[in-house]
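One structure is given here, and the rest of the page talks about it.
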Protein chains: 2
Amino acid sequence: MIALNQTSRTPIYQQIREQVLAQIACGLLSPHQQLPGVRSMAIDLGINPNTVMKAYVELEREGFIYSVAGKGSYVSEPNGDVSVIRQEKLAEVREVLSKLRPYGITKEEIMKLVELMYREEETR
Amino acid sequence: MIALNQTSRTPIYQQIREQVLAQIACGLLSPHQQLPGVRSMAIDLGINPNTVMKAYVELEREGFIYSVAGKGSYVSEPNGDVSVIRQEKLAEVREVLSKLRPYGITKEEIMKLVELMYREEETR
DNA sequence: ACTACTGTATTAGTGTAGATAGTACAGTTG
DNA sequence: CAACTGTACTATCTACACTAATACAGTAGT
């Protein structure tokens with residue numbers, strides 16, 4: 001279900017997070033469907049349960065899944081609360097934008113870039 | 001000339017970089033004016049010359065100053081070459097923008113944000 | 001209540017990258 | 001050659017990220 005690349009420099013927990021996210025996005029995992037337990041997935045992948053846990057905690061913080069102690073972890077409703085992570089992401093954008101001043105990067109350039117990036121999105 | 005905050009979490013070399021940059025921006029340092037030597041500034045601040053060096057190397061990479069071995073470091077022409085760092089900064093923007101998709105952040109939101117940030121700039 | 005599952009917390013080991021410093025090298029100028 | 005300049009190499013210290021080991025705690029079926 002999850003394929004790890006042990007040699008990759010991207011952390012294991014990130015790989016798990018991304019692949020679970022992808023499976024939710026493509027509908028392979030449905031809302032309220034139970035995810036593999038941290039232990040079983042850990043054994044499957046030959047890693048420590050805590051590493052899976054870290055991926056799940058991150059996904060929960062982002063609002064994509066929810067966990068219940070003793071029961072399991074489940075996929076959230078598609079319109080689940082992603083406001084927390086949204087604010088964080090917007091703050092990141094603000095941060096990087098605020099440091100462009102000394103380099104003569106104009107508003108128009110940024111606008112153009114944004115336009116371009118969202119145009120690429122549509123074609124997917 | 002430079003005031004360090006030793007307790008701050010921002011690295012010393014960054015503090016130096018920022019303050020030199022500010023002094024160039026406000027005209028306190030003029031084009032082709034010689035900067036303090038890495039040693040003298042290091043002694044002034046009670047730090048290692050290499051730390052000052054790191055700030056100078058960064059500023060040079062960004063095109064704000066230039067250094068000549070044996071002579072010294074000097075402020076660049078105001079329209080000095082900042083194209084390298086420009087590209088890097090734009091890449092950063094691209095990077096952070098590319099990760100906004102899953103969180104339902106719209107193009108309009110970003111546009112609004114950019115607009116807002118550049119509006120604040122004008123008032124300075 | 002016991003058992004077997006689930007998630008959670010605490011702590012520790014490991015690796016790696018960043019920041020700073022010590023020291024030696026090299027160019028410029030008088 | 002002396003006294004200044006920047007530069008390069010290396011070591012160390014530290015902080016943090018990643019992962020793991022292990023113990024704790026909740027849920028459900030028997």
Side-chain angles (χ1 to χ4, degrees), chain A residues 1-20 29 32-76 80 88 92, chain B residues 1-20 29 32-76 80 88 92 95 99:
Chain A
M1 202 159 181
I2 301 278
L4 289 188
N5 180 355
Q6 289 283 5
T7 67
S8 167
R9 244 69 103 248
T10 69
I12 295 175
Y13 83 96
Q14 274 290 359
Q15 293 185 42
I16 295 172
R17 176 188 162 277
E18 284 168 14
Q19 292 187 40
V20 170
L29 289 170
H32 302 295
Q33 182 174 346
Q34 184 164 7
L35 294 161
V38 290
R39 265 162 254 259
S40 59
M41 184 185 284
I43 292 169
D44 268 16
L45 301 175
I47 60 175
N48 191 282
N50 267 330
T51 305
V52 180
M53 187 62 193
K54 187 161 187 179
Y56 280 15
V57 166
E58 180 69 9
L59 283 166
E60 183 165 20
R61 200 182 64 83
E62 295 175 327
F64 293 112
I65 71 173
Y66 62 93
S67 298
V68 185
K71 296 190 69 178
S73 299
Y74 306 87
V75 178
S76 295
E88 289 181 13
E92 277 181 41
Chain B
M1 202 161 181
I2 301 280
L4 289 189
N5 180 355
Q6 289 283 3
T7 69
S8 166
R9 246 70 102 249
T10 68
I12 295 175
Y13 83 96
Q14 275 289 0
Q15 294 186 39
I16 296 173
R17 176 189 162 277
E18 284 167 14
Q19 293 188 38
V20 170
L29 289 169
H32 303 294
Q33 182 175 345
Q34 183 164 7
L35 293 162
V38 289
R39 263 161 256 260
S40 59
M41 183 185 284
I43 292 168
D44 267 16
L45 301 174
I47 60 175
N48 191 284
N50 267 330
T51 305
V52 181
M53 187 62 194
K54 190 163 184 178
Y56 280 15
V57 165
E58 180 69 9
L59 284 166
E60 182 165 20
R61 200 182 63 83
E62 295 174 329
F64 294 113
I65 71 173
Y66 61 93
S67 297
V68 185
K71 295 191 70 178
S73 298
Y74 306 86
V75 178
S76 295
E88 289 180 13
E92 278 180 39
E95 174 69 10
K99 292 184 175 171

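Quick note on labels: first sequence line is chain A, next is B, and so on, each numbered from 1. For clarity, every value in this text was computed on a predicted model and none was experimentally measured.
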#### Entry: Base-contact (B) and sugar-phosphate-only (S) positions in nucleotides 25-30 of chain C, heavy-atom cut-off under 4.0 Å, - elsewhere
--BSS-

Are any protein N/O atoms closer than 3.5 Å to N/O atoms in nucleotides 12-17 of chain C? If there are, list each pair with its distance.
none

### Task
Residues of residues 46-57 of chain A with any non-hydrogen atom less than 4.0 angstrom from an atom of DNA chain D: list those, numerically ordered, please.
A:I47, A:N48, A:N50, A:T51, A:K54

### Residue pair B:Y56 / B:R61, side-chain heavy-atom distance below 4.5 Å
no

### DNA chain D: 5'-proximal contact among A:I12 and B:L35 (nearest heavy atom)
B:L35

### Query
Just how far is it from atom CD1 of A:I65 to atom CZ of A:R17, taken to the nearest 0.5 Å?
10.5 Å

### Message
Checking side-chain contact (heavy atoms from CB on, under 4.5 Å) between B:I12 and each of B:N5, B:I2, B:T51, B:V52, which is the one that passes?
### Response
B:T51

### Query
Taking CD from B:E58 and C1' from C:dG18, how many angstroms apart are they, rounded to a whole number?
13 Å

### Task
Flag the pair A:E18 / A:Y13 as yes when at least one side-chain heavy-atom distance between them is below 4.5 Å, and no otherwise.
no

### Query
Atom OG in B:S76, atom CG in B:L29: separation rounded to 0.5 Å?
11.5 Å

### Query
For B:L45 and C:dA21, what is the distance between atoms CG and C1' respectively, to the nearest whole Å?
15 Å

### Task
Kindly compute the distance separating CZ (A:R9) from CD (A:Q14), expressed to the nearest 0.5 Å.
15.5 Å

### Summary
So the contacted stretch of DNA chain D, first to last nucleotide with an atom under 4.0 Å from a non-hydrogen atom of chain A, runs from D:dC18 to D:dA28

### Task
Looking only at non-hydrogen atoms, find the nearest pair between B:S8 and B:Q15 and report the distance.
CB-NE2, 3.7 Å

### Query
Okay, side chain of B:Q33, backbone of B:Y74: is any donor-acceptor separation there less than 3.5 Å?
no

### Query
Are side-chain heavy atoms of A:I16 and A:L4 found at a separation under 4.5 Å?
yes

### Task
Output yes when B:E58 and B:K54 qualify as a salt bridge under the 4.0 Å nitrogen-oxygen rule, no when they do not.
no

Compile the donor-acceptor pairs under 3.5 Å between side chains in residues 34-48 of chain A and protein atoms, sequence neighbours left out, one pair per line.
unit_1, atom_1, unit_2, atom_2, d
A:Q34, NE2, A:K71, O, 3.3
A:S40, OG, A:G37, N, 3.2
A:S40, OG, A:G37, O, 3.1
A:N48, OD1, A:N50, N, 2.8

#### Entry: Residues forming a salt bridge (charged side-chain N to carboxylate O under 4.0 Å, His left out) with B:E92, sequence neighbours excluded
B:K89

